[in-house]
Amino acid sequence: MKATGIVRRIDELGRVVIPKEIRRTLRIKEGDPLEIFTDRDELMLKKYSPIATLERFSEATAKSLNDLSGQLAVICDTDEILYACGDGKRDLDKKNLSEDMDRILKERSSYMANASEGGDILPITSGREEGVTAQIIVPIVSGGDCLGAVALLSREEGARMDNNSLNLARLTADILANQFE
């Protein structure tokens, strides 16, 4: 942990304000759940990610999706890539999501694009992936809340995602969402 030098007082209702600069840096938005940890005289707030609580299940799900589709399989929460499995996973692991991904998650709609057909390939992370030629992104929605997304990416020349791949990604997102109902 690093000190910020910022000191805040607790009000009469037990509330403390997290400074805007810190909220912006950590991508904490109004309504985001925070998990509270204590250790002796320390208090730590951490952005809560329900998908990350299913660590082994999510990791195994990404591996299975990669095995079945033959594509780079990605599972993310609303902030970052949690798991990637397949060729190119090192370029994605633990990276923050792009603004385009934020928009897709807010809209809660699936997205499919094939560069070979003139589709617009959206960056998944803020570090824009190179060479992606086809993609599918399906939000994980449970109880009306968007928890993250499942994505399939291809870097093969002339690759084309089809409805079978879309249905596989949707099934995976539904299975993950059902873990929270």
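Any value given below was found using the heavy atoms of this structure, including those in side chains, with hydrogens, waters and symmetry copies removed. We count residues from 1, following the sequence as given.
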How about I22 and P19: do any of their side-chain heavy atoms sit closer than 4.5 Å? yes
Check against side-chain contact (heavy atoms from CB on, under 4.5 Å), L176 and F57: CA-CA 9 Å; L176 287 167; F57 185 75; 3.7 Å; yes
With a 3.5 Å cut-off and no angle check, do the side chains of S165 and D162 form a donor-acceptor pair? yes
Residue pairs meeting side-chain hydrogen bond (donor to acceptor under 3.5 Å, both in side chains), one or both in residues 16-28, sequence neighbours left out, come to R27-D102
Between R155 and D87, is there a salt bridge with N-O shorter than 4.0 Å? no
Show the numbers, then the answer: is there a salt bridge (charged side-chain N to carboxylate O under 4.0 Å, His left out) between E99 and R103? CA-CA 6 Å; E99 289 181 17; R103 182 179 44 77; over 6 Å; no
Can you give me the closest heavy-atom contact between P123 and S98, atom names plus distance? O-OG, 2.5 Å
So which heavy atom on L105 is nearest to which on G148, and how close? CD2-O, 3.3 Å
Does NZ or CZ of K63 lie under 6.0 Å from the centre of the six-membered ring of Y83, at an angle within 45° of the ring axis? no
Taking C-beta and beyond as the side chain, do S154 and M161 meet within less than 4.5 Å on heavy atoms? yes
Validation row: Y111, D120 side chains within 4.5 angstrom (heavy atoms): yes
Among N66, V132, L152, L92, which residue meets the side chain to side chain contact (heavy atoms under 4.5 Å, CB included) test with L72? L92
Grab the two heavy atoms, one from L34 and one from K47, that are nearest each other, plus how far apart they are. CD2-CA, 3.8 Å
Thinking salt bridges, do R170 and D174 make one under a 4.0 Å N-O criterion? no
Listed by chain and number, what are the side-chain contact (heavy atoms from CB on, under 4.5 Å) partners of D145, not counting sequence neighbours? L147
Salt bridge check, E117 against R160: does any charged N sit closer than 4.0 Å to a carboxylate O? yes
